[in-house]
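Reminder, nothing fancy here: chain letters follow the sequence lines and each chain counts from 1. All values below were derived from every heavy atom in this structure, side-chain atoms included, with hydrogens, water molecules and symmetry-related copies excluded.
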Protein chains: 2
Amino acid sequence: MTTPAPRTRIQEKNRTAILEAGLEVFSQYGFRGTTLDQIAEAASLSKPNLLYYFPSKEAIHTELLQGLLETWLDPLHALDNDGDPVTEILDYVHRKLAMSRDFPRESRLFANEILQGAPRILDVLQTDLRQLVDEKAAVIRGWSARGKIAPVDPHHLMFSIWALTQHYADFDVQVRAVLGEKDPFPGAEAYLDQLFRGILTT
Amino acid sequence: MTTPAPRTRIQEKNRTAILEAGLEVFSQYGFRGTTLDQIAEAASLSKPNLLYYFPSKEAIHTELLQGLLETWLDPLHALDNDGDPVTEILDYVHRKLAMSRDFPRESRLFANEILQGAPRILDVLQTDLRQLVDEKAAVIRGWSARGKIAPVDPHHLMFSIWALTQHYADFDVQVRAVLGEKDPFPGAEAYLDQLFRGILTT
DNA sequence: GCTTGATTTGACCAACTGGTCAAAGCAACG
DNA sequence: CGTTGCTTTGACCAGTTGGTCAAATCAAGC
């Protein structure tokens, strides 16, 4: 969309490698904590070569964040007013949890940005995200009103879905420290099902 | 405990100012993203003066993290096997939520550390935290077994309490972007009450 | 094999980083 | 007062940072 498509095959390969490397490092150390040298090494390129493909450290970060936001909000778009309410919401939970399992670095990149006050995406949050959430909140409120699900605050329901699913990616280290070797995800899925079923069906 | 008490009044004042400033900056930018100059300015001290009170940037960070861990685990200690199960758990939720409201920077400092792989506290998580959690998990499992609360996975219950309460501090910016000016906390408290009551009372 | 444009790199730079140090300022006590 | 020990600071340093640039390398069409 925003990104002009890379032309040659080698450009595409290197840009991809840089973004992949950037994701790896930014998601762990945040923007300020990350150095171009780290990214360059992770991408197996020289630092000046990085800057041949991207004008600055900031540009890499921005592009990652932009690509991320689409992916991140996508599952919420799918929440369908005409589907079965409980199924719709639980499906959303499952999709979000799967994203935490399959794309934990993306989740951490996002978490880092928010923790730092979201300097680069605050406007998107205040406009696009807010609008989308309000829209879906209305859907949920409608379900409640029609007695399809228990009365719940739709915004806090949304927050709780985000918090719980992303926790397994963002706090992965802590979860594993407490759980030992055991894979958290099967248990998480069952628990979240139980938890949200509990609040949705009175 | 670990920290030898400062002697003079001026020492105490400056050490406190430095820790306060460090908390402010570390909690926003993480360890690597924070500079001594930032801390010095926030504490209204010169950089060499900082280093008169603390031997290094790392020392400030470590001391903050140590003090934090105690406070952080404290509410969990209070979970009492002999109290009323639902009340005990909901009280824990309320205490944790209050901490997010009253000490958001502490929550973010912790989040930053975990996000970066918990390099400085991984061992504490794997020993002290794990042991404490296992202990309380046994209590909860006991309550379930005796039919006092619904059968739940105690570890994931714990994770969900942490995730939900800390979300309001760590993702504060996002929450406020979505909610507008409205204070999230009264709503959060009511919602969390409803959510956990739902899963605990079948 | 030569030219042309895309790609890569070594050398370099100014600003910033965490940290040092010797000297200066200061308070209080005799 | 003068001395003594705590406190503060300006000047400084070596290493790192994001970023530049001219020159070298490379690939591909002619």
Item to complete: Using a 4.0 Å heavy-atom cut-off across all strands, classify B:Ile10 as base, sugar-phosphate, or nothing.
Response: sugar-phosphate
Practice prompt. Hey, could you give me the CD1/CD1 distance between B:Ile89 and B:Ile140, rounded to the nearest 0.5 Å?
Written response: 5.0 Å
Response to the item:
When rounded to whole Å, the NZ to P distance for the pair A:Lys13 and C:dA6 reads 18 Å
Worksheet item: Reckon B:Ser46 has a side-chain N or O less than 4.0 Å from the OP1 or OP2 of D:dT8?
Response: no
Fill in: B:Glu41 CD - D:dT9 P separation (whole Å)
14 Å
Response to the item:
Quick tally for nucleotides 12-27 of chain D: nucleotides whose base has a protein heavy atom under 4.0 Å get B, sugar-phosphate-only ones S, the rest -, giving -----SBBBB------
Worksheet item: Expressed in angstrom and rounded to an integer, what is the separation of B:Tyr29 atom OH from C:dT17 atom C1'?
Response: 16 Å
Worksheet item: Taking atom CG of A:Leu19 and atom CD1 of A:Ile39, what is their separation to the nearest 0.5 Å?
Response: 9.5 Å
Worksheet item: Hey, do the aromatic rings of B:Tyr168 and A:His156 have their centres closer than 6.0 Å?
Response: yes
Discussion item. Measuring to OP1 and OP2 of C:dG10, would you say a side-chain N or O of A:Asn49 lies under 4.0 angstrom away?
Written reply: no
Fill in: From A:Leu164 atom CG to B:Trp162 atom CH2, the distance as rounded to the nearest 0.5 Å
13.0 Å
Practice prompt. Would you tell me if any nitrogen or oxygen in the side chain of B:Gln11 comes within less than 4.0 Å of OP1 or OP2 on D:dC6?
Written response: no
Discussion item. Does B:Glu135, at its CD atom, have more than 12 non-hydrogen atoms belonging to other residues, nucleotides or ligands within less than 6.0 Å?
Written reply: yes
Item to complete: Starting at atom CG of A:Asn14, determine the distance to atom C1' of C:dA6, rounded to an integer number of angstrom.
Response: 12 Å
Discussion item. Within the 4.0 Å heavy-atom criterion, would you say B:Tyr53 contacts the bases, only the backbone, or no part of the nucleic acid?
Written reply: sugar-phosphate
Worksheet item: Are a donor atom and an acceptor atom from the side chains of A:Tyr53 and A:Asn14 found within less than 3.5 Å of each other?
Response: yes
Worksheet entry | OP1 or OP2 of C:dT9 under 4.0 Å from side-chain N/O of A:Tyr52 | no
